[in-house]
Every structure is written in structure tokens, then in C-alpha cells.
Protein chains: 2
Amino acid sequence: MSADVAARRGIPDASVARLPGYLQALTNFAERGIGSVSSEELATAAGVSSAKLRKDLSHLGSYGVRGVGYEVDRLSYEISTALGLTQDWPVAIIGMGNLGRALAAYSGFATRGFNVIAVLDRDADLVGAAVGEHRIRPMGDLGALVRDDRLAIGVIATPADSAQEVADHLVSAGVRSILNFAPCVLDVPDDVMVRKVDMSTELQILAFHEQRRTGELDLSAQSTVEGVAL
Amino acid sequence: MSADVAARRGIPDASVARLPGYLQALTNFAERGIGSVSSEELATAAGVSSAKLRKDLSHLGSYGVRGVGYEVDRLSYEISTALGLTQDWPVAIIGMGNLGRALAAYSGFATRGFNVIAVLDRDADLVGAAVGEHRIRPMGDLGALVRDDRLAIGVIATPADSAQEVADHLVSAGVRSILNFAPCVLDVPDDVMVRKVDMSTELQILAFHEQRRTGELDLSAQSTVEGVAL
DNA sequence: TAGATTGTTAATCGATTAACAATC
DNA sequence: TAGATTGTTAATCGATTAACAATC
């Protein structure tokens, strides 16, 4: 088996998750007119170690030049290809509350190859209302969006209590990639991939570390007591 | 050293990151009037394996009853305590664009022990404008917020190009926990913790898997060719 | 050629999993 | 006591890191 096929087979999840960061850093270099970078420079810009970067890139193939570094444009292209970003991906956002509207207005999607082709809500009263350039469509339109517009990715921006229902809708319409902003676990078939974004979870993780910080004095006091007990 | 102190010392990062999910599932059980759960039930609700759940909980202490399970209220309390959620955490959101406004309006914060005490923007034209119950404050207020209101967590909701400046501001004001929604790496001192939420990254990871799915036919064709070449 | 930097190897580390003794 | 389920152990797996041979 060629190295190329081996590489394309199994890029570790942890590596895949870092590729977007490398791509972003490369884009910054390109914008600053920098044509070539070393693993050390790129790693620093992406916030990882150079060893990790090189290991990650080695899963894609061998696109650097020893003694020189990586050509920014070339590496950007290779990572984009690996991530499947040479094509545009049609995206639908479901749930037009505050968050859904903010996501629909977010310009960062388009610049990264994601096209918001539709916004939907299950609330009939909202259907037809304008959100930016879109009009809110009913959930029943999902099937047509998958069939006619190759919709492949659904973004759930509803409250937790309707997220599962929306997910079921997406799955039965044929969507197999879901980005879930609702703070709940979704039950989907094995071949459907769900990624979750949860701000409350992130804040709670920060709180854990913040608490540990302020609790450090107490802990050291406790271990002193134990030292005595020993 | 007692098991208790050992537990409090080093809860693995991966376990900490799952605790909020367990807490959420427990809250759901409590709302449904369920007073006791097994590791199997709780794990299913949280979307993990029961072995992983028990291992995670073992880092907190021993709060289950063999042959019976876990008392929902008790375990909720213990996880809340471990995460530092017995107190309310004052939070400030910086950057009052679409996303910042959506986050400020998000009710999920308050219910989980996070209090948005201020919203800020570096744009002088926005300062003073109303956002829900808040008025937008200038960046210069950060110091006072840390001093007088115990602000400990900052949420950056600005575009990427001003995120580093905002981070520097937060750090010099004394904030050491940052949730970053801007798609960029922040350079902060070692004792400052940054967590990042990036929807574009998540979509790109979904795109990778979506592409692999549709590319599967080509790959199997290729390995057939290789089989012949062998 | 000498200097630099990649791509890879091997060692280490941490996380996951399965299995089961402990015990309610 | 018998049945059930926890908490822990030990094995496995995957990810990270350091070091360096390959090579531009």
C-alpha cells in the first residue's frame, strides 16, 4: 500500500481537529505576504509545538522541503484538500432565536467555504420572516434542500428541548453531519456525525480551574496538616 | 496522603471536560423526578460508556452505593462542588456585534451559575447603548469590574483582528480565565487559561468526515488497483 | 560542503476499556 | 443470602514528545 493511501486512510482525530488551525495560521501568513514558513514558525502561530505540527502534517503527505520549510500556498492547498474544502459546503441553520440569527449573520462561514443556503424554524409563526438575505423556511423544506441543493450539514441552534426533534428531522431528510449548539446529547444513527459547541460547558471548565486557583492556599494548608499527621 | 486530597489534586483534563455533561444529565433526571440512577443509566444519558463514567466519578470521591447506584441530588451536589459551581461566577462579554449580543441575551448562562455582570466594547460609538438590561461599557472599566465585582471570567466575542488587544486588556486588568469566540490564537501568560469556541473549525471537521464518506468509493477502487499492482 | 529543517522513529505519557473483587 | 452495581485494577490503545537520520 502506498504511503499516500495509508495517509488518506486514517488521519488521527486529534490531528484532523488541529488542521483548521494550521490553515488559519497559513492564511494569515499569506495575507502578510509571507511565502514560506518553517514548522517552528507555523507551530508558534497555531499555538502548538513544532514536533506536533510535523507529526500532524506527516499524515497528509510530505509537502515540506528539508532545510527550507513549507511553501505557504502549497501547504494551504494540501490541508484544504485534506479537509474537503476545495468545494463549498451548503449549510442550513435551524432555530431562529438570538443565537440562530447571530450565526446566520456571521460572515466567517462564507470565507471558509461554508454557504448558508437556508434558515429554518419549526415555529409556523416565524416562517416567512426575513433574516438577513434569507426568509425563514419550514422544517418540511429539509428534504428538498438535501435533494436539490446537496445540503449536507445542519446547524442546530434551538433550545435543548427541541434539539432532538430537529436532529430526527435532519437525519430522516438525509443530513449526516450536524453541528449542535443546544446543550444536550443527541441520539442519532452511527453513520451520523455530531459535533457539539457548548458555551456553558466551556465556562464550567474555566470555573473549575479558576476555583482551583483560589483554592490552592487551602490545599497547601491541608497537606501541611497531613505532613504532621504522618 | 488521603484519597480525598489525591482526588482533588489531579482530576484529568478529559474527566473535567465531561463533568458538565454529567451534571446536565443529572439535572434532567431530577426534573423528571428520578431520585436514583445507575452508572449505566447516567452514562447513556450523557452519551458516554458506563466504565468511563465510573472512572471519571472515581476522581471526585466515592459517592455511589454498590448494588444500588447514585443518588441524583447528592451526585449533582458533588459535581457542582468539584466544578466550583456552588458560587456564582461574574462574567463580562467583550465585543457587542451580532455574536456578543446573542451571548448577552443567552439565558443558559444564568441557569448554570454564570452572571453576565457587564458587556463592553472598545468602540466609543457603541458605549452607552443598551443591550438587554445592560449598557455597553468602555474597556477602561475592566479594572474596576475585577476589583469591585470580582470579575474572573472574560468572554471575547470580537472579530479576530481585535481579539488579542482585548485579551491583553483582560489580562492586565487581572482576568485569568478567558473564553475566546474569535477565530485566532491568543498569546497570554502561562497562568491565564484560554478556552476557545470556534464554529468554523467545527464545520471544517464535519466537512472532513463528510468528504471521506463520499470519497469512500474512489478509495476502494484505488486499493483494488494496488492489489493488482502487487 | 556546511547549515538548516523536515519526516520519522522510539519512548513516554495519558486516556480508554474490560473485567472483576468489593460490597451494598 | 442472592442479585446488582460500584470502584478499582490491569491491559490496551492512542496521542505527545524528544531526538535524530535523512536530505535539501
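Computation of the quantities below employed the complete heavy-atom set of this structure, encompassing side-chain atoms and omitting hydrogens, waters and symmetry-equivalent molecules. Chain A is the first sequence line, chain B the second, and so forth, proteins listed ahead of strands; every chain is numbered from 1.
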Chemist: Quick one: is B:R54 getting a side-chain N or O under 4.0 Å of the C:dA22 phosphate, OP1 or OP2?
Modeler: no
Chemist: Give me the atom names and distance for the closest heavy-atom approach of A:Q24 to B:V185.
Modeler: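 Closest pair (atom of A:Q24, atom of B:V185, distance): NE2-N, 4.2 Å.
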Chemist: Given that both distances must come in under 3.5 Å, which nucleotide forms a Watson-Crick or G-U wobble pair with C:dA15?
Modeler: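 Answer to the pairing question: D:dT12, which forms a Watson-Crick or G-U pair with C:dA15.
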Chemist: Go through C:dA19, C:dA10, C:dT17 for me and flag the one nearest to the A:K55 side chain.
Modeler: C:dA10
Chemist: Is any side-chain N or O of A:S38 closer than 4.0 Å to OP1 or OP2 of C:dT5?
Modeler: no
Chemist: Whole-Å distance between C:dT6 P and A:Y22 OH?
Modeler: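 Going from OH in A:Y22 over to P in C:dT6 covers 13 Å.
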Chemist: Using modelled atom types only, decide if a donor and an acceptor are shared between the side chain of A:D198 and the backbone of A:S200 within a distance under 3.5 Å.
Modeler: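 It does hold such a pair.
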Chemist: Side chain of A:Y70 only, heavy atoms from C-beta on: which candidate in C:dT6, D:dG7, D:dT6 is closest?
Modeler: C:dT6
Chemist: In whole Å, I'd like the distance from the CG atom of A:L53 to the C1' atom of C:dT5.
Modeler: 12 Å
Chemist: Could you say whether A:P12 or A:G67 is positioned toward the 5' end of DNA chain D, judged by the nucleotide with the nearest heavy atom to each?
Modeler: A:P12
Chemist: Among D:dT8, C:dT6, D:dT17, find the nucleotide with the atom closest to the side chain of A:S49.
Modeler: D:dT17
Chemist: Take B:Y106 and A:N98 through the test side chain to side chain donor-acceptor pair (under 3.5 Å) and record every step on the way to the result.
Modeler: CA-CA 8 Å; B:Y106 179 53; A:N98 282 312; over 6 Å; no
Chemist: Can you check whether any acceptor in the base of C:dT6 is under 3.5 Å from a donor in the side chain of A:R66, or vice versa?
Modeler: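 Flag set: donor-acceptor pair detected.
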Chemist: Can a side chain N or O of B:S39 be found less than 4.0 Å away from OP1 or OP2 on D:dT6?
Modeler: yes
Chemist: For the side chain of B:S58, starting at C-beta, report the closest nucleotide among C:dG7, D:dT8, C:dA18.
Modeler: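 Nearest listed nucleotide: D:dT8.
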Chemist: Have A:S36 and A:E71 got a donor and an acceptor in their side chains that come within less than 3.5 Å?
Modeler: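 Looking only at side-chain atoms, A:E71 and A:S36 do not form any donor-acceptor pair under 3.5 Å.
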Chemist: Mind calculating the distance between CD (B:E71) and P (C:dC24) to the nearest angstrom?
Modeler: 16 Å
Chemist: Ignoring the backbone of B:D13, work out which of C:dT16, C:dG7, C:dA15 is nearest its side chain.
Modeler: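 Between C:dT16, C:dG7, C:dA15, the one nearest the side chain of B:D13 would be C:dA15.
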Chemist: Between P on D:dA18 and CD on A:E40, what's the gap in Å once rounded to a whole number?
Modeler: 12 Å
Chemist: Rounding to an integer number of Å, can you tell me how far A:L57 CG sits from C:dG7 C1'?
Modeler: 10 Å
Chemist: Is there a side-chain contact between B:I94 and B:V155 (heavy atoms, below 4.5 Å)?
Modeler: no
Chemist: Mind calculating the distance between CG (B:D56) and P (C:dA15) to the nearest angstrom?
Modeler: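 Spelled out: CG on B:D56 to P on C:dA15 is 10 Å.
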Chemist: In terms of side-chain heavy atoms of B:V65, which of D:dT16, D:dG7, C:dC24 is nearest?
Modeler: C:dC24
Chemist: Atom NE2 of A:H59 and atom P of C:dT6: how far apart are they, to the nearest Å?
Modeler: 17 Å
Chemist: Across all strands, who's sitting opposite C:dA22 as a Watson-Crick or G-U wobble pair, both distances under 3.5 Å?
Modeler: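 D:dT5 - that is the nucleotide pairing with C:dA22, both distances being under 3.5 Å.
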Chemist: In whole Å, what is the span from the OH atom of A:Y63 to the P atom of D:dC24?
Modeler: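 A:Y63 atom OH is separated from D:dC24 atom P by 16 Å.
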Chemist: Roughly how far, to the nearest 0.5 Å, is CZ of A:R213 from CE of B:M193?
Modeler: 8.5 Å
